[in-house]
Amino acid sequence: MKKSTQVVQGVHFLDETAHAIATPIYLTTTFERDSDGTYPKGHMYSRNSNPNRDLFEKNMALLENGAGALAFSSGLAAVNAIFQCLKKGDHLLMPQVGYYASYKLAEEILGPWGLEVSQVDMTDLHAVEKAIQPNTKLIWLETPANPMLEIHDIETISKLAHSKGIKVAVDNTIATPYYQNPLDLGADFVMHASTKYIGGHSDVLSGAVVYKKEDEWSARMQRVQILMGATPNPMDCYLLCRGLKTLAVRMKQHSSNALELAKYLETHPLVEKVYYPGLASHPQYDLAKKQMPNGQSGMVSVCFKLSESETHQLASKFTIFKQATSLGGVESLVEHRKSIEGPQSTTPGNLLRFSIGLEDLEDLKQEFWGLRI
Ligand SMILES: *Cc1c(COP(=O)(O)O)cnc(C)c1O
């Protein structure tokens with residue numbers, strides 16, 4: 001099946017009570033045992049499993065071509081489940097450009113527990129090779145990466161990592177399984193902030209990990225899911241499954257709007273530089289086309305010919321683009337990224353990150369006509 005069929009048809013379960021086409025929502029914390037003490041439907045307690053969560057996990061595994069998936073109550077809880085497979089004294093190699101809180105989790109929370117973490121320019125393969133240490137156990141990629149939308153070479157870095165017994169995890173939030181399947185390119189784990197494009201409507205906070213095969217890492221992540229307890233509720237899992245059904249049509253529109261708007265902004269007098277992996281001016285355009293041949297998603301970052309404070313002011317001058325953090329919803333958002341990331345941020349002060357929504361392209365373009373602070 002093609003991806004756009006897969007997202008609609010996906011994995012279903014038969015509603016034995018009413019043969020409903022839409023999935024019932026199992027708002028229950030617990031399940032009844034049989035007289036012999038067993039659980040006939042396999043569910044015992046909703047932190048361990050729930051029919052709606054099962055369905056979301058099965059669909060994520062299907063879409064990412066994995067052996068299985070685990071759902072969490074946020075993207076960061078999913079990141080944490082992967083990091084928790086590391087032990088005291090292990091080294092984690094992370095990209096210099098990437099979602100800032102993933103690095104903060106490793107450094108600020110797991111650092112004091114004995115995890116060693118360092119950052120490298122993930123676009124420089126020579127630098128990556130040099131940054132690998134004897135105790136490196138995991139390489140973290142994020143591609144396209146927040147907020148500069150740089151591209152990490154999943155296939156090449158996975159080969160290098162595996163030659164040294166190192167695992168590779170990819171944050172695939174921006175690409176989505178519709179445009180990129182990291183497991184097919186050699187990665188061991190895919191992580192999603194399903195808060196973003198998978199939910200797709202800015203109304204569910206959640207995350208997922210998909211693993212390529214069942215092994216001691218996937219078994220530990222499952223124990224982390226159950227024992228650390230950051231599990232999504234049945235209603236959220238229902239909304240995520242519902243979001244998945246329209247993933248293909250939404251991503252096509254996000255992506256084509258973003259490409260056209262990025263091209264237009266390259267000609268705008270107030271613009272210094274546009275970052276979008278689908279633009280020929282992107283430093284890794286060829287790699288982006290190879291890893292994501294069918295589209296480069298809906299995120300566009302723009303540096304303006306303005307100071308940091310002027311750029312921050314500019315973010316409030318739009319009508320359709322609402323000034324808010326997050327991405328991947330149906331509505332367009334704009335964000336001054338540096339001020340969100342805090343004082344340690346290396347993001348340029350004159351950068352605004354745009355999450356391009358599903359509105360009409362001409363209306364989005366008009367937002368930039370005569371734009372001034
Ligand atoms: C939002 C985001 C996360 C974190 O997800 P939450 O649901 O906010 O915890 C991780 N990675 C990327 C790329 C994100 O955009």
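Atoms within a ligand are numbered from 1 in the order they appear, just like the ligands themselves.
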- Distance flag, aromatic centroids of Trp140 and Tyr103, threshold under 6.0 Å: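 When the ring centroids of Tyr103 and Trp140 are compared, they turn out to be at least 6.0 Å apart.
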Please tabulate, for the side chains in residues 297-316, all donor-acceptor contacts under 3.5 angstrom to protein atoms that are two or more places apart in sequence or on a different chain.
| residue | atom | partner | partner atom | Å |
| --- | --- | --- | --- | --- |
| Ser297 | OG | Ile174 | O | 2.6 |
| Ser301 | OG | Pro147 | O | 2.6 |
| Lys305 | NZ | Pro269 | O | 3.0 |
| Ser307 | OG | Glu310 | N | 3.2 |
| Ser307 | OG | Glu310 | OE1 | 3.3 |
| Glu310 | OE1 | Ser307 | N | 2.8 |
| Thr311 | OG1 | Ser307 | O | 2.7 |
| Ser316 | OG | Gln313 | O | 2.7 |

- Aromatic ring pairing Phe31/His43, orientation class (parallel under 30°, perpendicular over 60°, tilted between):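 Tilted.
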Compile the donor-acceptor pairs under 3.5 Å between side chains in residues 202-214 and protein atoms, sequence neighbours left out, one pair per line.
| residue | atom | partner | partner atom | Å |
| --- | --- | --- | --- | --- |
| Ser202 | OG | Glu331 | OE2 | 2.7 |
| Ser206 | OG | Ser194 | OG | 2.7 |
| Lys212 | NZ | Leu183 | O | 2.9 |

- Query: With sequence neighbours left out, what residues match Ser74 under side chain to side chain donor-acceptor pair (under 3.5 Å)?
  - Reply: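 Listed in chain order: nothing, the list is empty.
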Go ahead and list the nitrogen or oxygen contacts between ligand 1 and the protein that come in under 3.5 Å, distances to 0.1 Å, or just say none.
| residue | atom | partner | partner atom | Å |
| --- | --- | --- | --- | --- |
| ligand 1 | 7 (O) | Gly75 | N | 2.8 |
| ligand 1 | 7 (O) | Thr195 | OG1 | 2.6 |
| ligand 1 | 9 (O) | Gly75 | N | 3.1 |
| ligand 1 | 9 (O) | Leu76 | N | 2.8 |
| ligand 1 | 11 (N) | Asp171 | OD2 | 2.6 |
| ligand 1 | 15 (O) | Lys196 | NZ | 2.6 |

- Query: Where do Lys273 and Asn350 land on the side-chain hydrogen bond (donor to acceptor under 3.5 Å, both in side chains) test, with the steps shown first?
  - Reply: CA-CA 10 Å; Lys273 176 117 184 85; Asn350 64 341; over 6 Å; no
